[in-house]
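None of these values were measured; they are calculated from a predicted model.
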Amino acid sequence: MIIGSGLLATAFSTSFSARAGICIYAAGVSNSGCTDVKEFVRERLRLEQALSQISSETVFVYFGTCSIADPDLKNAPYVLHKLAMENIAREHPLHLILRLPQVVGKTPNPHTLLNFLFSRISRSEGFKLWHKAKRNIIDVADVVKITEQLLMLESSQGSTFNIANTSADSVADIVKAMESALGKPAVFEDVDLGSEYAIDTSAIVPLLSHAGVCFDSAYLQRVVNKYYRNV
């Protein structure tokens with residue numbers, strides 16, 4: 001069972017090898033900058049309803065956010081909300097909490113970093129580039145692949161994992177990758193702001209080869225080209 005209609009839900013619906021006894025909850029607030037309490041309440045009620053409709057023998061997969069480790073965002077309303085939702089999901093005996101970074105895929109959501117950069121660069125519109133900022137980029141297809149590997153491990157049930165790239169990229173390098181994909185220079189003001197934070201991916205590293213995922217030095221450009229070249 002897959003619950004949701006956004007980027008994650010679409011990816012799992014098309015690529016996931018659905019099995020009985022597994023519920024993928026890929027719904028929720030799509031804007032990480034959201035501060036609307038009504039949106040948070042709506043997700044909580046939907047999550048509680050979903051949990052009430054599955055058996056205790058069903059593995060329930062909930063997606064959280066790696067931003068809990070970001071010193072700039074850890075106290076943001078969205079991040080605190082996602083932590084509260086994780087705690088609700090943990091009440092289910094066979095839960096699996098998967099925290100995600102910046103997920104890239106085909107989505108009309110204007111609030112994603114890559115969609116923002118695509119919009120600004122393709123239109124030659126200016127923006128501020130935070131010189132010290134780094135972001136962890138992962139293809140939504142790889143999220144599906146790694147999730148499948150974790151679900152094969154009975155020991156993963158009742159645990160929390162970070163599904164993320166093994167290294168982060170500077171926002172400057174992400175802009176360069178987008179410039180290369182679009183064949184256009186970006187118009188930006190370089191400002192001395194931003195931060196970086198570590199995401200512990202040690203638990204998923206042993207699964208990457210089985211999943212067919214390679215986080216090499218060309219990964220960022222491959223992902224950007226996949227979704228933004230010739231758009």
Side-chain angles (χ1 to χ4, degrees), residues 1-34 36 39-40 42-51 53-54 58-67 78 81-82 85-86 89 95-119 122 135-152 156 161-165 174 177-178 181 204 207-208 211-215 219-231:
M1 178 192 305
I2 298 171
I3 299 174
S5 59
L7 174 61
L8 278 173
T10 300
F12 275 92
S13 296
T14 56
S15 304
F16 182 65
S17 301
R19 298 189 295 278
I22 296 175
C23 177
I24 305 291
Y25 187 87
V29 179
S30 60
N31 179 7
S32 61
C34 179
D36 188 346
E39 287 296 306
F40 297 151
R42 183 176 63 85
E43 180 182 358
R44 177 176 60 78
L45 293 175
R46 186 175 184 181
L47 175 59
E48 290 174 342
Q49 181 182 32
L51 287 167
Q53 295 176 343
I54 62 173
T58 297
V59 178
F60 187 82
V61 181
Y62 180 80
F63 293 96
T65 176
C66 289
S67 293
Y78 173 84
H81 163 72
K82 294 297 283 185
M85 296 305 97
E86 284 186 7
H95 65 269
L96 177 60
I97 309 296
L98 304 177
R99 292 174 177 164
L100 304 177
Q102 298 278 340
V103 180
V104 183
K106 291 183 179 179
T107 171
N109 183 357
H111 303 295
T112 69
L113 173 62
L114 274 293
N115 275 1
F116 169 82
L117 292 176
F118 171 78
S119 176
S122 63
R135 292 295 180 264
N136 191 291
I137 302 297
I138 188 170
D139 188 339
V140 68
D142 293 335
V143 172
V144 175
K145 293 175 184 177
I146 296 170
T147 299
E148 287 189 309
Q149 292 298 313
L150 285 170
L151 285 169
M152 292 180 187
S156 69
F161 295 88
N162 294 322
I163 294 186
N165 195 325
I174 297 171
M178 188 66 75
I204 67 165
L207 307 176
L208 296 181
V213 177
C214 178
F215 292 124
Y219 183 83
L220 172 64
Q221 191 67 64
R222 286 201 306 272
V223 173
V224 174
N225 288 348
K226 177 180 177 180
Y227 293 107
Y228 295 96
R229 176 171 283 178
N230 300 322
V231 174

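A salt bridge does not link E148 to K145: none of the charged nitrogens lies less than 4.0 Å from a carboxylate oxygen. Using a 4.0 Å cut-off between a side-chain N of Lys or Arg and a carboxylate O of Asp or Glu, E86 and K82 do not qualify as a salt bridge.
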(request) Apply side chain to side chain contact (heavy atoms under 4.5 Å, CB included) to the pair V104 and T112, showing each step before the final yes or no. (result) CA-CA 8 Å; V104 183; T112 69; over 6 Å; no
(request) Given side chain to side chain contact (heavy atoms under 4.5 Å, CB included), test I204 with V213 step by step and report yes or no. (result) CA-CA 11 Å; I204 67 165; V213 177; over 6 Å; no
(message) I'd like to know whether I163 forms a side chain to side chain contact (heavy atoms under 4.5 Å, CB included) with I138, so could you lay out the CA-CA distance, the side-chain angles of the two residues, the decisive distance to 0.1 Å, and finally the verdict.
(response) CA-CA 9 Å; I163 294 186; I138 188 170; 3.9 Å; yes
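Formation of a donor-acceptor pair under 3.5 Å by the N165 side chain with backbone atoms of N136 is not found in this model. Remark: the backbone N or O of T107 is paired with a side-chain donor or acceptor of N115 at under 3.5 angstrom. With hydrogens and angles disregarded, a donor-acceptor distance shorter than 3.5 Å links the side chain of S156 to the backbone of L150.
Taking CD1 of I24 as the start and CG of L98 as the end, the distance is 8.0 Å to the nearest 0.5 Å. Interatomic distance, CD of Q53 versus CD1 of I3, reported as 7.0 Å (0.5 Å rounding). The distance from atom CZ of R135 to atom CG of L113, rounded to the nearest 0.5 Å, is 7.0 Å.
Listed by chain and number, the residues in a side chain to side chain donor-acceptor pair (under 3.5 Å) with K106 amount to none (sequence neighbours excluded). Residues forming a side chain to side chain donor-acceptor pair (under 3.5 Å) with T10 (at least two apart in sequence, or on another chain): none. Applying the ring-ring contact (aromatic ring centres under 6.0 Å, His included) criterion to F215, with sequence neighbours excluded, gives Y219. Q221 meets the side chain to side chain donor-acceptor pair (under 3.5 Å) test with N225; sequence neighbours excluded. Applying the ring-ring contact (aromatic ring centres under 6.0 Å, His included) rule to F161 yields no partners; only residues at least two apart in sequence or on another chain are considered. Scored by the ring-ring contact (aromatic ring centres under 6.0 Å, His included) test, Y25 finds F60, Y62 as partners (sequence neighbours excluded).
T58 and C23 make their closest contact through CG2-N, 3.8 Å (heavy atoms, listed as atom of the first residue, atom of the second, distance). In terms of heavy atoms, L47 sits closest to M85 at CD2-O, 3.6 Å. The two residues C66 and N162 make their nearest non-hydrogen contact at SG-OD1, 3.8 Å. Smallest separation of non-hydrogen atoms from E43 and A27: OE2-O, 3.8 Å. In plain terms, the two heavy atoms of A89 and L51 that are nearest each other are CA-CD1, 4.2 Å. A26 and L8 make their closest contact through CB-CB, 3.7 Å (heavy atoms, listed as atom of the first residue, atom of the second, distance).
The side-chain heavy atoms of N109 and L7, taken from C-beta on, include no pair separated by under 4.5 Å. Between I174 and L220, some side-chain heavy-atom pair lies under the 4.5 Å cut-off. Taking the side chain as every heavy atom from C-beta outward, F63 and V103 never approach each other to under 4.5 Å. Looking at heavy atoms from C-beta onward, V223 lies out of side-chain contact with L114 at the 4.5 angstrom threshold.
In this structure, Y228 and F118 have tilted ring planes: the angle between them lies in the 30° to 60° band.
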